[in-house]
Each structure stands twice: as C-alpha cells, then as structure tokens.
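What follows is a set of notes on a single structure, which appears directly below.
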Amino acid sequence: MALGTLTRLVQAEATTLGIIRAGVSGVFLIAILFTSVSDMGYLPVTIFNPTGVMQIFSWGFYDRLVTPGGMSALKCAMVLSLLMSTAGYLTRISSVTSALLILFFQGLLRSWRFTHDEMLGVYFLIILACTPCGDGFSVDSLPGADRRRRKSFVYGYPILLMQALIAWSYFSSAVIKLRVAGLSYLDPDKMPTYAIIHSLDNLHDTQFRLAFMLPNYRDVVPLAVSLILVWELLFPLAVVWKRARWAFLLVGVLFHFSTMFLMNIFFPYTLAMYLVFVDWPRWMKRVAQAPLLKHAASWWRDFRNVPETFPELTVSDKIPRRVLLWDGDCGFCKGWVKRLQRFAGRPFEAHPYQSFEKELQPELLNWSRKQMHWIDASGKVVGGSRALVTVLAESGHCFLAALLESAPLRPFAWFGYRVVARNRG
C-alpha cells in the first residue's frame, strides 16, 4: 500500500533520480564556474568567523586555504567533482565528494555573508550522496557497466523527501513570519518600507528601483502579502496533490521574480530545485518525439541495445570452445583479429562466425554482424567489449583486462567498442 502511494506521488525510477542528480549538481557546477572564488583569498583571515563544525579545522589550515592559490585549488576540486557528479561518472564517489566540498564551501561563505538560498540545494546534494543516484541517466548506467536491480522505493523516497523539504521551507517561512510579526506583517506600509530599504543599499543580488512605486499601491499590498502567505502555508499540497502542483510552482516562479524586481532578493537555487517536481520520464518521451531529436533518439536506442551478455544461452557442442567468433566479411575485423593474435601472450583460436552459421542460435546470430563473440569452455557467450576483455585475460594480458573492466574505464571501453564496431565499414 505504501509503495502504491509512493508511485502515485512521484516517478520512482532510476532515470528520474539520475536527472535530478544531474540537475542539482549542474546548478552548483555552473554557479561555481562563474564565481570568482579566488577573490575570497584576498580577504583578511582575521575577519573570518568559522561556524559549527568549521571550527574543527585549525587557524593554520585557514591561513593556507584562504589565499588566492588555496581558493583556486578548492574551486578546481569542486568543479571536477561536480562535473563527474553531473555526468554520473563514478557517482558513488563523486556525489559524496560534491556534497562534502559544497558543504565546506558554504561554511566558508557563511563566515562572511549569510544567505539561505543555496541551503535547499545543499540538502539535496547530501540526500543524493546517500542514494543510488547513478543507476540512471549517467555514465555509470551505460550498458557496458554492471548495474544492480533495486526496488522502486529506493529511488522514490529520496525524491519525495526532497519535495517535502521544499514544501517545509515555504510552510515554515510563513509560520515564522506570522509568529514573529503577527498580523502587523500585513501592514500596508511594512512591505513597501522593507523593499525600499533593500533598494537603497548595494548588498543585494540586483539593483532594481521598482520598490519606490509600491507606496502608490499601498492599498493592495496587504492583499498581495496575504495571498503569498496562503500560498506558502498551502505549498505542502503540491507534494500530495499532483493536479494542483503546476499551479503552486507557477506562483512560486512569479513570487521569486517579483521579489527580485521589487526587493532585489532572488532565490535562483530554490527555483532550480523545482526540478524535483517534474515528471522527467514523461517529458523525455515527448522530447524524443520532436522532429529534430527523433532521429537522434532512434540512433541512440539502436546504438545501445546490442547485448554483450547472454546469460541463458549456451552454444551447440559442434562449435569449438575458448574461441573468438568475428565477422569474416569485414576486412577491418580480420586485420584487427590478426593484430590481437600477435599481441597475445598466449595463443587463442579465432574463426569467422560464418563457419558456424548453421549451428549458431538465432538470438546470437542476429548480433554477429555487429560485434565479435567469445565462447568460453562451458559454451557461454559474451560479446563486444566484454569479449575483448575476456580475450585479453585469456591471452595473458590480465592487468590490461582488469583495467578495462574496472569501474572508471568500463563505460568508456563499452562506448569505444560500440563506436568502432558501428563505423568499421
């Protein structure tokens, strides 16, 4: 019952969680790339005020870090980690390092300037670091990589938690306003005064001057503020009421842009985190049907659908064991098989698959023109890049085989083989 409720609320799929990982990491990646982090190194460390767990580091550490060179090194580390996390490469490592580095960087920023816009994104990074967010929409999930089968709730609950965090941030904001200011928060002069004060300094995100028009509309300000308070209080409905979700999100977009123009306060990270509410598989299907992308989507499906493992297939006893089968009609293949045999530390047997065409099962024969296949001593079959790795291991190059089969190189070995095999003509 709980699982049924979860699937009705969110798209509990690996692809959805993977797209969210790519989006959240990508937002921070773009922000870090366009932030002059090294400028922080020119600030005197004497005004630095470490907060929370930041105090576990010594002042000697901060003396070396808070320099132009030290901050540039931190930026490079964040960019590399976020780039890997966005692409979904070595996600188990890169998602954790991205969360830790961004959390540390935010701790540095909070020591000089307080803002809470980024915190939703930081929470999301921490949640993603604790989930299998690389199982979909990632380099790690390419067909050449080993993937574990998981229950859908493993992907659904993190998404639901992130949606709940957004809802709680708005709801708690409204409650705090009412608790601190009470009904005086609706005073017609309070918001215009607050907006004008923000427009007179130079410490905010923008420098618009529309706030000076608000006194002319002081009679409608209480109504507008009341509607925003109601929207914030009711935002949790966006989590459980999918039909009304887009209305809540649209109001959120209008609200944050209005605060930018009227109060010079903008929350781009909060707006970007709305991506957790999007039904990404549905939108991807729509995009794939667009005329400009339909051919590309079809090409990718054809490119990645060539199987490299056949777990339920055992070849006939008439076919030799420990043999490499390749396309005898391909001169390129013939040349590379000869090179592979010369490179081998131990000789191995290789034959064109056409020599055993009548004995090969249809499910194997259908792919024989698209990749080579290795038949082991028990009659089991692997193809493509896995066949290449197995041949290298069987012929005495165990280190090279293990390197190509390792987690960092496995997706690239698969992709490289597929590109060569597809364009060998």
Side-chain angles (χ1 to χ4, degrees), residues 1-28 81-82 84-100 102-103 106 116 118-141 145-173 232-249 252 269-285:
M1 182 177 179
L3 183 59
T5 302
L6 177 67
T7 54
R8 285 194 295 271
L9 293 177
V10 300
Q11 289 295 325
E13 300 179 14
T15 300
T16 304
L17 189 61
I19 293 176
I20 291 173
R21 181 215 69 247
V24 174
S25 300
V27 167
F28 279 100
S81 180
L82 288 168
M84 293 172 61
S85 180
T86 302
Y89 178 56
L90 297 179
T91 318
R92 290 182 181 178
I93 299 173
S94 61
S95 61
V96 174
T97 57
S98 294
L100 292 176
I102 291 297
L103 185 62
Q106 289 297 316
H116 60 275
E118 299 96 327
M119 291 315 299
L120 265 179
V122 174
Y123 291 146
F124 286 9
L125 285 176
I126 294 173
I127 293 172
L128 290 168
C130 302
T131 65
C133 58
D135 286 359
F137 200 74
S138 64
V139 172
D140 292 342
S141 67
D146 292 322
R147 287 177 290 176
R148 293 176 54 189
R149 297 188 174 214
R150 309 177 198 267
K151 300 292 186 181
S152 59
F153 68 82
V154 175
Y155 309 111
Y157 279 119
I159 299 173
L160 185 61
L161 176 58
M162 287 185 277
Q163 292 180 355
L165 278 173
I166 293 181
W168 174 252
S169 68
Y170 285 123
F171 177 81
S172 61
S173 174
E232 290 180 320
L233 289 169
L234 296 180
F235 197 91
L237 291 176
V239 178
V240 297
W241 190 7
K242 295 183 70 172
R243 289 188 177 181
R245 181 172 294 173
W246 288 106
F248 280 99
L249 298 181
Y269 285 90
T270 301
L271 276 178
M273 296 309 113
Y274 281 8
L275 60 88
V276 300
F277 288 104
V278 179
D279 185 348
W280 289 109
R282 179 182 175 187
W283 280 100
M284 288 181 66
K285 289 178 182 178

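Residue numbers count from 1 along this sequence. Remember, predicted model here, so these are calculated numbers, not experimental data. Heavy-atom basis, side chains included; hydrogens, waters and symmetry copies ignored.
- Proximity of Val154 to Asp135: side-chain heavy atoms (C-beta onward) are nowhere separated by under 4.5 Å.
- For the pair Trp241/Leu234, no side-chain contact is recorded, criterion being any heavy-atom separation below 4.5 Å from C-beta on.
- Here CD1 of Ile126 is found 12.0 Å from CE of Met162. Values are rounded to the nearest 0.5 Å.
- Within the 4.5 Å cutoff, the side chain of Leu249 has heavy atoms near those of the Trp246 side chain.
- The SG atom of Cys133 sits 12.5 Å away from the CD1 atom of Ile19 when rounded to the nearest 0.5 Å.
- Between Ser98 and Leu125 the shortest heavy-atom distance is O-CD1, 4.3 Å.
- Only one option out of Leu17, Leu275, Thr15, Ile159 pairs with Trp280 in a side-chain contact (heavy atoms from CB on, under 4.5 Å); it is Leu275.
- Phe124 has its side chain within reach of Ile166: a pair of non-hydrogen atoms, C-beta onward, lies under 4.5 Å apart.
- Residue Leu271 comes nearest to Gly252 through the heavy atom pair CD2-O, 4.1 Å, listed as atom of the first residue, atom of the second, then distance.
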With side-chain contact (heavy atoms from CB on, under 4.5 Å) as the test, would you mind laying out the steps for Ser169 and Leu120 before giving the verdict?
CA-CA 8 Å; Ser169 68; Leu120 265 179; 4.0 Å; yes

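- Taking both residues in full, the closest heavy atoms of Tyr170 and Glu232 are given as O-CB, 3.4 Å, listed atom of the first, atom of the second, then distance.
- Ring orientation note: the planes of Tyr269 and Phe28 are tilted relative to one another, at an angle of 30° to 60°.
- Ring geometry, Tyr274 versus Phe277: the interplanar angle exceeds 60°, so the pair is classed perpendicular (tilted spans 30 to 60°).
- Here the straight-line distance linking atom CD of Glu118 with atom CE of Met273 works out to 10.0 Å at 0.5 Å rounding.
- Atom CZ of Phe235 and atom CD of Gln163 lie 9.0 Å apart (nearest 0.5 Å).
- Between the Arg21 side chain and the Phe137 main chain, a donor and an acceptor come within less than 3.5 Å of each other.
- Of the candidates Leu128, Thr131, Asp140, Thr91 forms a side-chain contact (heavy atoms from CB on, under 4.5 Å) with just one, namely Asp140.
- For the residue pair Gly134 and Ser138, the shortest heavy atom distance occurs at O-OG, 2.5 Å.
- The line from OG of Ser95 to CG of Leu90 is 10.0 Å long, rounded to the nearest 0.5 Å.
- In plain terms, the two heavy atoms of Leu9 and Val239 that are nearest each other are CD2-O, 3.6 Å.
- Within 6.0 Å of atom CE in Met284, 12 or fewer heavy atoms from other residues, nucleotides or ligands are found, so the atom counts as exposed in its surroundings.
- Taking NZ of Lys242 as the reference point, atom CZ of Arg8 lies at 10.0 Å (rounded to 0.5 Å).
- The only option from Ser94, Ser85, Ser81 that meets the side-chain hydrogen bond (donor to acceptor under 3.5 Å, both in side chains) definition with Ser25 turns out to be Ser85.
- Side-chain contact between Tyr155 and Thr16: absent, with no pair of heavy atoms (C-beta onward) separated by less than 4.5 Å.
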